[in-house]
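All remarks here apply to the structure that follows.
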Amino acid sequence: MLIILLAAFFVIGSPLFAVMLFISALGGLASPRGFDADFSGFVYEFYSLGTGDKATIFSSIPLFIYAGYIMAASKTADRLVAFANAALGWVPGGLGIVTILACSVYTTFTGASGVTIVALGGLLMPALIKQRYPERFSLGLVTGTGSVGLLFPPALPIILFGTIYGLQRIQPKPEHWQWEWETERFLFAGIVPGMLLVAMLSALVIFIAIIKKVPRQKFDPATVARTLPGALPVILLPFLILAGIALGVGDISQIASLTVLYLLIVEMGIYRDLKPKMLWAITRESMALIGAIFIIIYSATAVTNYLVTAGVPKALVDWTTAHIHERWMFLLALNVLLLLAGMVMDIFSAILIVVPLIAPVAFEYDISPYHLGVIFLLNLEIGYLHPPIGLNLFISSFKFRKPLLEVTVATLPFMLVVLASLLVVTYVPAITVVPDPRPRGTIDNLVLTVKSAQQASINIKEIKLPNRKLMKQEECLTIASDNDRDDCLTLFTDVTDCRADEDAAEAKSCEQDKIASWFEMNFKPEEGLKGLAKKAAEGWPAPVVDGDGDGDGDGGFEGEGDDDLGDGGFEAAGEDDADPKPDDADPEAGGFEALGEDDDDDAPSDEPEVKDPEAGGFEALGEDDEVDAAPTPAAAPDAGAAGAGTGSGSATGSGG
């Protein structure tokens, strides 16, 4: 049904981001947990993209796009082609090789093959025809090599794939510890496969040039020396970026900022191709593209969250492992799937939607995530050229005023070469080379450890949870998962910050919200005993059994404020239904116990009622208000093996 809906929306021309948001909302409405519970998860995912390490990666995207637009607006292409032609024009097919290299450099920085074809096509196509290359061959060469640079850093798809794969939090198996994921390492993964692709395309160009007897020009050292200064800054730029990352000069966002500054100095200060007034137009055009990309990123993240919540990746893993038993067969099927995705989806949407689906499947077949990433991007390169709806085919047809069929036929030899390189890369994983993982215990980790220890020393030490469990900060340190452990420690930091508020009411409200939100995220009643057992296995503090106080040992919370129903949920509006008298009003307002207060005294008893003078939401640290209640057999008709439970969420008959 979902596929039919997507197809229908695409046919009527709906914007991609709108379609994805609609699917996410539809999934939230159809969820048994309710729209609020599921769609709030999507919103949380949006927020998480702008915080922590993910924010560092995403902030580099607009900067690298801006750098590409600076190159496109200047005369960088003219200088680059002039030097490459002077240096390689004497080789058979020299200008064809120049075309491949120039397109590689341009696509690396623009991140889009369409921009490369538009920017370089008008320069290279006439030059190729002038040097007596066949027109159809020249058309196919410019079209077929427009996406070659997507494997070279800092191409935008590399950064985006690295970020999205990192969001999956897939930990490598112990025997594959070197596969630990880092986006900075993935930047290096496509270099050798990219060089292989350039070499195979160059071999085809040389072969065609020899067969067609394309004339060559004489090698002139003086021309090379004259054109080198104009091309050298652009030639050096990719190497400077990689060196900066490898040497730890800065993180990827800082390197991206330096790249923009470098190009502005070169193009405005040295060559003076750009005037200050041109920057506004460059900024406006690049920001429009950046805005479109980020809308798609956030919308696709919502779809991915819905798919994961619906269990689609797990179902896909189960089906694939049940029907495909050999690794080579899975890789073949993966290539077919990605070729189809590359034809019908733009590269950004394909990364955001398809990666979360195939990543866990590839993990089951022991495929390196770095190898998977290179295969993924190379397939999408081919998708740009694959008939009948490859994007580059339409762009070239429009740019050069040629029929689509003619462009398709001219591009086929180059597409077949890229397919051959894909097979080599797929079945020879040794070609995908990445640096070794960074050693543990770096100065950055030491700084984080010191800061965490300093914060922990000033945090409160204990928190009373809604299930009346007293959780200590030191228990967080026993949690195995890094993410869950940090989340647990963050709760204590947040509550500490709340209590610093001078307004007592605001402080109490803030503390209740933080604890309730954390508790809901980590101990959902609907998970049942299986979910709680899983949390306990990971080292989480176990919730109190029979926390609803109904004595049935189900560990749930009473629903709709009705203790005697035992149907789940927190007590509503301060109502304590342990009191069988319908007219016995509970004076408290709110779902949680007042600070230090236990409503067991609502139960009928011959003992006089003891008032607790404290006011607030949760019990004060270390305080036990058993004196507030005087449980009697009459007050606990549902007593079970764990003890008689009375009041709102009290455990085993005790008030604290």
Side-chain angles (χ1 to χ4, degrees), residues 60-89 94-124 127 142 145-159 187-188 190-191 194-195 197-198 201-202 223-246 249 252 255-275 278-279 282 285-286:
S60 68
I61 292 176
L63 291 168
F64 280 125
I65 291 177
Y66 193 66
Y69 269 81
I70 291 174
M71 292 179 60
S74 63
K75 296 181 180 179
T76 302
D78 296 4
R79 296 193 299 270
L80 186 63
V81 171
F83 167 72
N85 195 34
L88 299 173
L95 186 57
I97 298 175
V98 168
T99 301
I100 297 171
L101 295 176
C103 289
S104 300
V105 173
Y106 236 70
T107 307
T108 295
F109 288 97
T110 61
S113 60
V115 176
T116 301
I117 293 174
V118 172
L120 295 182
L123 175 67
L124 291 170
V142 173
T145 59
S147 56
V148 171
L150 294 181
L151 290 179
F152 294 113
L156 180 58
I158 295 179
I159 299 172
L187 293 175
F188 295 84
I191 294 177
M195 293 173 63
L197 176 58
V198 169
L201 288 170
S202 299
T223 305
V224 174
R226 187 180 70 254
T227 56
L228 176 60
L232 189 60
V234 178
I235 294 174
L236 289 177
L237 186 54
F239 300 99
L240 292 174
I241 292 172
L242 291 176
I245 294 173
V249 174
I252 190 169
I255 297 297
S257 301
L258 291 175
T259 300
V260 173
L261 179 62
Y262 175 88
L263 286 173
L264 287 174
I265 292 173
V266 169
E267 302 299 342
M268 296 183 67
I270 298 178
Y271 298 115
R272 301 180 184 275
D273 290 339
L274 295 180
K275 305 299 180 184
M278 298 173 62
L279 290 180
I282 295 173
E285 292 178 10
S286 62

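Remember, it's a predicted structure, so these values are computed and weren't measured experimentally.
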Heavy-atom pair of closest approach, residues [X] and [Y]:
X: Ile159; Y: Pro154; result: CD1-O, 3.9 Å
X: Pro153; Y: Pro238; result: O-CB, 4.4 Å
X: Val105; Y: Met71; result: CG1-CE, 4.4 Å
X: Ala155; Y: Gly149; result: CB-O, 3.8 Å
X: Gly194; Y: Phe152; result: C-CZ, 3.3 Å
X: Ser202; Y: Ile100; result: N-CD1, 3.7 Å

Considering only distance and modelled atom types, tabulate donor-acceptor pairs under 3.5 Å from the side chains of residues 258-269, sequence neighbours left out.
from, atom 1, to, atom 2, distance (Å)
Thr259, OG1, Ile255, O, 2.9
Tyr262, OH, Pro233, O, 3.0
Glu267, OE1, Ser74, OG, 3.4
Glu267, OE1, Arg79, NH2, 3.1
Glu267, OE2, Thr76, OG1, 2.9
Glu267, OE2, Arg79, NH2, 3.1

Could you measure the distance from the [atom1] atom of [X] to the [atom2] atom of [Y]? Nearest 0.5 Å is fine.
X: Met278; Y: Ile70; atom1: CE; atom2: CD1; answer: 10.5 Å
X: Leu124; Y: Asn85; atom1: CG; atom2: CG; answer: 9.5 Å
X: Leu242; Y: Phe188; atom1: CG; atom2: CZ; answer: 5.0 Å
X: Leu63; Y: Tyr66; atom1: CG; atom2: OH; answer: 10.0 Å
X: Phe64; Y: Ser257; atom1: CZ; atom2: OG; answer: 8.5 Å
X: Thr99; Y: Leu201; atom1: OG1; atom2: CG; answer: 11.5 Å

Practice problem: Take Thr107 and Thr145 through the test side chain to side chain contact (heavy atoms under 4.5 Å, CB included) and record every step on the way to the result. | Solution: CA-CA 10 Å; Thr107 307; Thr145 59; over 6 Å; no
Quiz prompt | Expected output: side-chain Tyr106 to main-chain Gly68 donor-acceptor under 3.5 Å | solution = no
Quiz item: Within the side chain of Ser104, is there an N or O that forms a donor-acceptor pair under 3.5 Å with the backbone of Val148?
Solution: no
Quiz item: Step by step, would you call Leu151 with Ile191 a side chain to side chain contact (heavy atoms under 4.5 Å, CB included)?
Solution: CA-CA 7 Å; Leu151 290 179; Ile191 294 177; over 6 Å; no
Quiz item: Can you name the residues that form a side-chain contact (heavy atoms from CB on, under 4.5 Å) with Leu101, not counting sequence neighbours?
Solution: Leu88, Ile97, Val198
Exercise. With sequence neighbours left out, write down each residue that passes side-chain contact (heavy atoms from CB on, under 4.5 Å) with Ala87, or none if nothing qualifies.
Key: Phe83
Quiz prompt | Beyond-backbone contact of Tyr69 with Glu285, side-chain heavy atoms, under 4.5 angstrom | solution = yes
Using a 3.5 Å cut-off and no angle test, enumerate the donor-acceptor pairs between side-chain atoms of residues 224-232 and protein atoms at least two apart in sequence or in another chain.
from, atom 1, to, atom 2, distance (Å)
Thr227, OG1, Thr223, O, 2.9
Thr227, OG1, Val224, O, 3.3

